[in-house]
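To start, the structure itself, in structure tokens.
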There are 2 protein chains.
Amino acid sequence: MTPRRTDALSRERIVEAAVRILDEQGEGGLTLRAVTDRLATGRGAIYHHVANKDELLAAAADDVVRLGDAPIRELALAVFDAIDAHPWLGAQLARDPAQPAVLRIWKGVGTQLHRLGLTGTALGDAGAALVNYVLGAAAARRAPDEAARKDYLEALAAQWAGSDPDPVVQEAAALLSEHDDRAQFLAGVDIFLRGISG
Amino acid sequence: MTPRRTDALSRERIVEAAVRILDEQGEGGLTLRAVTDRLATGRGAIYHHVANKDELLAAAADDVVRLGDAPIRELALAVFDAIDAHPWLGAQLARDPAQPAVLRIWKGVGTQLHRLGLTGTALGDAGAALVNYVLGAAAARRAPDEAARKDYLEALAAQWAGSDPDPVVQEAAALLSEHDDRAQFLAGVDIFLRGISG
DNA sequence: ACCTGAACACCGTTCAAGT
DNA sequence: ACCTGAACACCGTTCAAGT
């Protein structure tokens with residue numbers, strides 16, 4: 001008569017629970033205890049389906065990065081939007097360059113750049129540049145919601161402007177608090193594409 | 001007659017000890033206990049000089065990122081070389097976009113791009129693109145030494161090549177294990193600069 | 001084979017007590 | 001004011017014991 005799970009545990013269900021916890025409570029909220037509580041199971045059960053917490057995080061990221069066959073600009077935007085929807089994702093993608101989600105991004109970028117006619121070293125250099133840019137931009141986006149992010153940027157700009165009378169710093173600080181993240185991200189992609197074709 | 005420190009504790013000495021521990025043992029080696037052991041002091045003493053571990057990490061990164069007034073290519077290379085000398089630095093720079101070391105990189109990039117004639121939104125877009133690229137490339141470099149990194153990339157390329165018969169993937173995998181990191185990093189910077197001026 | 005939950009070996013941080 | 005070190009409230013991971 002004790003309340004018990006009816007469905008068996010599985011890697012899928014564990015990853016699903018992890019994603020939900022990450023979305024609701026952020027990186028700090030994902031503990032093995034939170035996962036086992038949500039799944040109403042014992043601590044050690046997780047380790048029958050996932051090697052450790054790092055693998056669980058990588059699996060959660062992989063679950064959430066979905067890339068179609070779209071051209072390069074849309075592909076970059078898809079990564080951007082995934083991070084927008086899951087604020088913990090940026091930090092996770094930056095954490096391990098060998099995780100499945102990152103390899104998938106590499107593959108997508110490589111495929112699209114190849115279609116643009118790049119091969120050999122030029123393809124490798126351009127691919128690395130674009131992937132590093134996308135992941136760098138990803139890691140920089142980590143405020144939980146747009147309002148908090150705006151507050152943060154404004155506070156940062158104020159602090160920054162106050163710390164240095166240099167007019168260049170002043171101008172940069174102003175831009176920091178006013179820019180549109182998504183537009184600026186795309187502007188960066190376009191700089192890249194110009195640099196590649198030019 | 002107990003052996004005691006003769007010199008007083010200070011933020012400087014604490015940060016110095018943290019940098020040395022990070023260099024010797026990597027991110028995982030930096031615990032408050034390791035720091036207090038090395039300084040032969042009590043656990044709580046640290047908190048009189050540093051707010052918490054995050055601030056200590058940010059201070060260590062700031063201590064190690066030294067940028068001169070060199071033009072943009074050299075400035076980017078200086079960041080690259082700092083990460084080469086301190087493998088933990090890449091992950092740390094990616095961790096918090098508001099930390100002093102990152103703000104200093106922003107300022108340097110902004111200044112140099114301004115000298116190239118950029119202003120307003122163009123300056124902001126180009127600056128963000130370049131900083132994100134540099135930090136993304138930084139985060140991706142995290143193997144302790146060159147030999148281990150080479151091993152890692154070769155293993156990754158093999159795994160990758162084995163996972164997908166697509167010729168694009170095969171080509172990318174080959175490039176992955178053969179390229180020169182430093183040269184590829186500079187190639188990325190040059191793609192950027194072409195994209196900006198083009 | 002899969003699951004349980006107590007136990008282990010760690011953490012960062014706090015705080016009463018000392019100097 | 002600065003420092004000490006025990007105590008606190010957590011972690012991820014393991015493992016004997018159950019089904």
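All values below come from the heavy atoms of this structure, side chains included, with hydrogens, waters and symmetry mates left out. Convention: sequence-line order gives letters A, B, ...; per-chain numbering from 1.
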Considering all heavy atoms of both residues, which atom of [X] and which atom of [Y] are nearest to each other, and what is their separation?
| X | Y | result |
| --- | --- | --- |
| A:Asn52 | A:Tyr47 | CA-CE2, 4.0 Å |
| B:Gly29 | B:Ala34 | O-CB, 3.6 Å |
| A:Ala58 | A:Gln99 | CA-OE1, 3.7 Å |
| A:Leu75 | A:Leu67 | O-CD2, 4.2 Å |

Reference residue B:Val19; test side-chain contact (heavy atoms from CB on, under 4.5 Å); the match among B:Leu56, B:Asp63, B:Ile14: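 Going through the options one by one, the only one that passes is B:Asp63.
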Choosing from [options], which nucleotide comes nearest the side chain of [X]?
| X | options | result |
| --- | --- | --- |
| A:Arg33 | C:dA7, C:dC11, C:dC2 | C:dA7 |
| B:His48 | D:dC11, C:dG12, D:dC2 | D:dC2 |
| B:Ala8 | C:dC3, D:dC3, D:dG12 | D:dC3 |
| B:Arg43 | C:dT13, D:dC3, C:dC3 | C:dT13 |

Sugar-phosphate only, base, or nothing, as touched by A:Leu30 at under 4.0 Å among non-hydrogen atoms: sugar-phosphate
Interatomic distance, A:Gln25 CD vs D:dC11 P [rounded to whole Å]: 11 Å
Interatomic distance, A:Ile14 CD1 vs C:dC2 P [rounded to whole Å]: 11 Å
Strand DNA chain C as a dot-bracket string - pairs counted if Watson-Crick or G-U with both distances under 3.5 Å, | where the partner lies in another strand: ||.|||||...|||||.||
Pairwise side-chain contact, [X] with [Y], heavy-atom cut-off 4.5 Å (strictly under):
| X | Y | answer |
| --- | --- | --- |
| A:Leu57 | A:Asp96 | no |
| A:Arg182 | A:Asp81 | yes |
| B:Val134 | B:Phe80 | no |

Members of residues 49-56 of chain B that approach DNA chain C, where some heavy atom sits under 4.0 Å away: B:Asn52, B:Lys53
Parallel, tilted or perpendicular, as decided by the 30° and 60° cut-offs, for the rings of A:Phe192 and B:Tyr133: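 Because their plane-to-plane angle is over 60°, the rings of B:Tyr133 and A:Phe192 count as perpendicular.
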5′-ward residue of the pair B:Leu32/A:Gly44 relative to DNA chain C: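 The answer here is A:Gly44.
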